[in-house]
4 protein chains.
Amino acid sequence: MFTAPSSPKPAQPATPKRERRKEARPGELLNAAMDLFVEKGFAATRAEEVAVRAGVSKGTLFLYFQSKEELFKAVVRENISGVFPKWNAEFEAFQGSSAEMLHYAMQQWWEHLGATRASGITKLVMAEAHNFPEITAFFQQEVMLPGHTLIRRILQRGIDAGEFRPMNLDYAIYAVLAPMVFLNMSCHSEGLCQSPGFTLVPEDYISSQADIIVHGMLAPPGTRP
Amino acid sequence: MFTAPSSPKPAQPATPKRERRKEARPGELLNAAMDLFVEKGFAATRAEEVAVRAGVSKGTLFLYFQSKEELFKAVVRENISGVFPKWNAEFEAFQGSSAEMLHYAMQQWWEHLGATRASGITKLVMAEAHNFPEITAFFQQEVMLPGHTLIRRILQRGIDAGEFRPMNLDYAIYAVLAPMVFLNMSCHSEGLCQSPGFTLVPEDYISSQADIIVHGMLAPPGTRP
Amino acid sequence: MFTAPSSPKPAQPATPKRERRKEARPGELLNAAMDLFVEKGFAATRAEEVAVRAGVSKGTLFLYFQSKEELFKAVVRENISGVFPKWNAEFEAFQGSSAEMLHYAMQQWWEHLGATRASGITKLVMAEAHNFPEITAFFQQEVMLPGHTLIRRILQRGIDAGEFRPMNLDYAIYAVLAPMVFLNMSCHSEGLCQSPGFTLVPEDYISSQADIIVHGMLAPPGTRP
Amino acid sequence: MFTAPSSPKPAQPATPKRERRKEARPGELLNAAMDLFVEKGFAATRAEEVAVRAGVSKGTLFLYFQSKEELFKAVVRENISGVFPKWNAEFEAFQGSSAEMLHYAMQQWWEHLGATRASGITKLVMAEAHNFPEITAFFQQEVMLPGHTLIRRILQRGIDAGEFRPMNLDYAIYAVLAPMVFLNMSCHSEGLCQSPGFTLVPEDYISSQADIIVHGMLAPPGTRP
DNA sequence: GATGAATGAGACTTCATTCAT
DNA sequence: TATGAATGAAGTCTCATTCAT
């Protein structure tokens, strides 16, 4: 599912381990691995840690996943899926101005992706892109491309309505994408991107960026509808 | 391509073992380290590999750099930190409008950092931030903070002149930073961030983003100087 | 000879690779470590050597002992520290005179520590004290201090009974300790401390030293009980 | 010389290095090495440190001494020689009782050996005896044996005079030797041999030990001269 | 002779992966 | 199927020793 569930504690305390049905194992491992990869990165996550958090032994991990790399790939694949159909539908039905739509889209992104574990996946993929070309291609197709497309349609809608000025959309979409990707990285980079002494509030960040972008794209006052 | 060409092998003419070149060593090691760090990341780059590529032995590396982390810091100082004094001086002397200044600054960034191997360093630090807190802190202090400060001063200059509208600079600086960081990641993520079939031209990307941001920040026409 | 025979090779019957013997491992490792530490010193003993002599791989050693220092501490606990509780109990229950007790204590020391491989540990700690402060502190706490305390209690008992003359115990305990430490060093110094042509018999040495010390501490004949 | 000079600072500040005559080099190296070996032990002393303290380069050290081991041997050989002739002469001329003589001898030992750098050599040799059999034999012949002999003569004198009771001198000499060797080790073992919270005063230690030993050896009151 | 840059054999320790049970 | 004891390749850094200058 897209709205990534915040990871539940690995074990049901009341139920003895023996009871857990084996078909649940891969899911539990994936869940634990997700948490740890996001938290510590690929290299720094030890296989045994994943196993322990999933409540199984180290050996069992390798029973289900050929290697740590395969586990990584599975984690990424497992956690990617589509909010995009829903978002596309919302786009079709949206009634307000394109400026409002842009604000709304970025807020939604934060709420349903940026603020969830899913953002950790994005960070992970960007960080490890070099080592996993296959994953990279997969992620691009499944996530980045639909995102690009949706942003493009929003901007096109504004231009068509005379609300936004004409722009080369191939580049303009990055004006929307960049602030979100940046926030994503920022949230997973230990404060690297932030000024010391200032704690960024994501919602404020989103609205301030949307504000500047929208202003930057609006058609001159006299020509707007 | 925007990744600068990796430096060629140091050209071992014949069998010049045990050459004494105290002056040249640090530079050669730094160059080799830069290449490898960018290519493979910090953790995955082995000290000996750096030494071999620089044409020296493992021990020699540690003769010049106390540890792998110190080597990395030296790479950063050599390749990134150095631009800020020059940029700050240019800022002081700049004659044109703040809009022009913003355009100019982003172009300069691309030319002197984004387009060079140095951009790979930024990518790597973001990717591995979690695992090397000391490096993260160093990079933030040495690179991110001066960058933040410079952007802030540019925006403040525009606001003071009545050219830009009043904004909360704590957030506004990210409107400038985000597109650059995004481009940076994009260049080092194996096409992950780009639409298939469209090859982004960095210079065009920069100018289009600068254009949108500047528009987004300009004061309303009647109130401008 | 007073150096206990070094334990024979663990008898690899044929090719029993990857044997699982969780229970036996620590003991085997401890035994091998003891041998090697005594034979070569702490610094000069390589972890892998210990592992090989115990018939396991390098990694296995670190499965059971966190570090080389911890391994050493475990060797000390296993082979030395353990005697003090028993000795303290014997002290409490002892019926004879304090002179007898002193003789007995020194004989016991020889029998259970001096004549065993454990004496090599004491020698080694003294020799390498400077380079391993943590080990030194540990050994002082775990071995020297209980030894001091026991000797002090024996002497105090004699004084209290009027059997020994009053003495400053802070110094008097060394009269008991010194001959034992000396014998210890002597046994592990390749004959350095002995006259050529005369082979010291440890039991005779102990009894002669005890005799002199006891005489030296006895209260004047008229005042004794 | 026997009374080892406390090591002078390695360089004459006023005189440029160039001036130092080369024939003094080995001596300076030996002196520096002595200090460092005593201070840090054999393994922990780095060749370069010795060279630096002697005011020469690392390479020069190996010009004069084939290896670190050879340097060690040279240090020991250089620093051992005779107080014993002088002491033997004092023994012949001594007028007081043998009890006094024993006290006096132990005090002299402390003053002229125990308290000087020479004691560091003894400690060193005992610690490394195993690794340098040749040194060990040399030290035994040159130092231990004359010491044994002198002690034996003192005790024999006391027995002959009826002052001391008859004893097996082969063992009795250790009653005198052990406290001195122990003090020696104690001074070079980082407090290993001392109770925490009590700082041993060497002169008091010596006199208290001598007191106990003398008491322990005295003939019964009625039979003394 | 003297220098000090360069070398490279190790040392300890970690951890992905295997495999006997 | 599951376990977890066992493995051993890597990795960073040190330092005695060599040798070009």
Side-chain angles (χ1 to χ4, degrees), chain A residues 17-18 20 22-23 25 43-52 55-71, chain B residues 16-25 43-51 54-71, chain C residues 16-25 43-51 54-71, chain D residues 17-18 20 22-23 25 43-52 55-71:
Chain A
K17 293 181 173 186
R18 210 57 52 80
R20 213 145 351 95
K22 63 189 174 189
E23 64 273 20
R25 287 281 158 71
T45 296
R46 290 179 316 145
E48 180 157 25
E49 249 178 311
V50 174
V52 165
V56 300
S57 76
K58 208 182 342 182
T60 303
L61 170 62
F62 287 93
L63 222 52
Y64 288 102
F65 302 95
Q66 210 170 100
S67 71
K68 199 178 152 188
E69 291 199 4
E70 287 304 322
L71 174 63
Chain B
K17 273 183 180 176
R18 266 181 178 281
E19 228 177 333
R20 282 165 84 96
R21 295 175 39 245
K22 184 194 170 116
E23 304 307 321
R25 291 291 188 234
T45 295
R46 287 179 303 122
E48 182 157 20
E49 244 178 318
V50 174
V56 300
S57 75
K58 198 181 359 174
T60 301
L61 170 63
F62 290 95
L63 213 57
Y64 290 99
F65 302 96
Q66 218 168 89
S67 69
K68 201 177 148 186
E69 283 209 8
E70 285 304 321
L71 173 63
Chain C
K17 273 182 183 177
R18 266 183 178 280
E19 227 178 333
R20 283 167 82 97
R21 296 176 40 244
K22 186 193 170 119
E23 304 307 322
R25 291 294 187 229
T45 296
R46 285 179 304 123
E48 182 157 19
E49 245 177 317
V50 174
V56 300
S57 77
K58 201 180 355 175
T60 301
L61 170 63
F62 289 94
L63 214 57
Y64 291 98
F65 302 95
Q66 218 169 88
S67 68
K68 199 176 147 188
E69 284 208 7
E70 285 304 321
L71 173 62
Chain D
K17 296 181 174 188
R18 207 58 52 80
R20 210 141 358 91
K22 63 187 175 192
E23 65 273 19
R25 288 280 159 71
T45 295
R46 289 179 317 150
E48 179 156 27
E49 248 177 313
V50 174
V52 165
V56 301
S57 76
K58 206 181 346 181
T60 304
L61 170 62
F62 286 93
L63 222 53
Y64 288 102
F65 301 96
Q66 211 171 99
S67 71
K68 200 177 150 188
E69 290 201 6
E70 287 304 322
L71 174 63

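Protein chains get the first letters and strands the later ones, always in sequence-line order, with residue 1 at the start of each. On a predicted model such as this, the values are computed, not experimentally measured, just so you know.
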Note to self: Just to be sure I understand the rule, does Y64(C) reach a base, reach only the sugar-phosphate, or reach nothing, if contact means heavy atoms closer than 4.0 Å?
What the structure shows: sugar-phosphate
Next item on the list: Just name whichever nucleotide pairs with dA6(E), Watson-Crick or G-U, keeping both distances under 3.5 Å, else none.
Entry: dT17(F)
Next item on the list: Please determine, for dG11(F), whether a Watson-Crick or G-U wobble partner exists with both distances under 3.5 Å, and give it or none.
Entry: dC12(E)
Notebook entry, point to check: On a plain distance test, is the side chain of K68(A) in donor-acceptor contact with the base of dT17(E) below 3.5 Å?
Noted result: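 No, the side chain and the base share no sub-3.5 Å donor-acceptor pair.
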Next item on the list: Could you tell me whether the side chain of K58(B) has a donor or acceptor atom within less than 3.5 Å of a complementary atom in the base of dG10(E)?
Entry: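 Result: at least one qualifying N/O pair found.
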Tell me the interatomic distance from [X], atom [atom1], to [N], atom [atom2], rounded to whole angstroms.
| X | N | atom1 | atom2 | value |
| --- | --- | --- | --- | --- |
| E48(A) | dA6(F) | CD | P | 14 Å |
| L71(D) | dT17(F) | CG | P | 10 Å |
| F62(D) | dT7(E) | CZ | C1' | 13 Å |
| E49(C) | dG10(E) | CD | P | 12 Å |
| E23(B) | dA5(E) | CD | P | 10 Å |
| R46(A) | dT17(E) | CZ | P | 14 Å |
| L63(C) | dT18(E) | CG | C1' | 14 Å |
| F65(B) | dC13(F) | CZ | C1' | 16 Å |

Looking at [options], which one has an atom nearest to any side-chain atom of [X]?
| X | options | result |
| --- | --- | --- |
| K22(C) | dA5(F), dT17(F), dC12(E) | dA5(F) |
| R20(C) | dC13(F), dT3(F), dA6(E) | dT3(F) |
| R18(C) | dT3(E), dC19(F), dA5(F) | dA5(F) |
| S57(D) | dT3(E), dA5(E), dT3(F) | dT3(E) |

Margin query: Need to verify one output field. Residue with the more 5' nearest nucleotide on DNA chain F, T45(D) or T45(B)?
Written below: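 With T45(D) and T45(B) compared, the 5'-side residue is T45(B).
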Next item on the list: Hey, which sits more toward the 5' end of DNA chain F by its nearest nucleotide, V56(C) or E69(B)?
Entry: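 It is V56(C), whose closest nucleotide lies nearer the 5' terminus.
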Next item on the list: Inspect the surroundings of CD in Q66(C) and state if more than 12 heavy atoms from other residues, nucleotides or ligands are less than 6.0 Å away.
Entry: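 Incorrect, the count does not exceed 12.
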Check: If you take all heavy atoms of L61(B) and A51(B), which pair is closest and at what distance?
Finding: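 L61(B) and A51(B) have their closest heavy atoms at CB-CB, 4.3 Å.
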Next item on the list: Looking only at non-hydrogen atoms, find the nearest pair between T45(C) and K68(C) and report the distance.
Entry: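 Nearest heavy atoms, T45(C) then K68(C): O-NZ, 2.9 Å.
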Check: If we only count heavy atoms from C-beta on, is the K58(B) to R46(B) side-chain gap below 4.5 Å?
Finding: no
Check: Roughly how far, to the nearest 0.5 Å, is the CG atom of L63(C) from the NZ atom of K22(C)?
Finding: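 So the gap between those two atoms works out to 8.5 Å.
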Note to self: Quick check for you: to the nearest 0.5 Å, what is the distance between R18(B) atom CZ and R20(B) atom CZ?
What the structure shows: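 One gets 9.5 Å once the value is rounded to the nearest 0.5 Å.
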Note to self: Both A43(C) and G59(D) contact DNA chain E. Which one's nearest nucleotide lies toward the 5' end?
What the structure shows: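 Residue closer to the 5' terminus by nearest nucleotide: G59(D).
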Note to self: Is T60(D) close enough to dT3(E) that one of its side-chain N or O atoms is under 4.0 Å from OP1 or OP2 there?
What the structure shows: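 Indeed, a polar side-chain atom of T60(D) lies that close.
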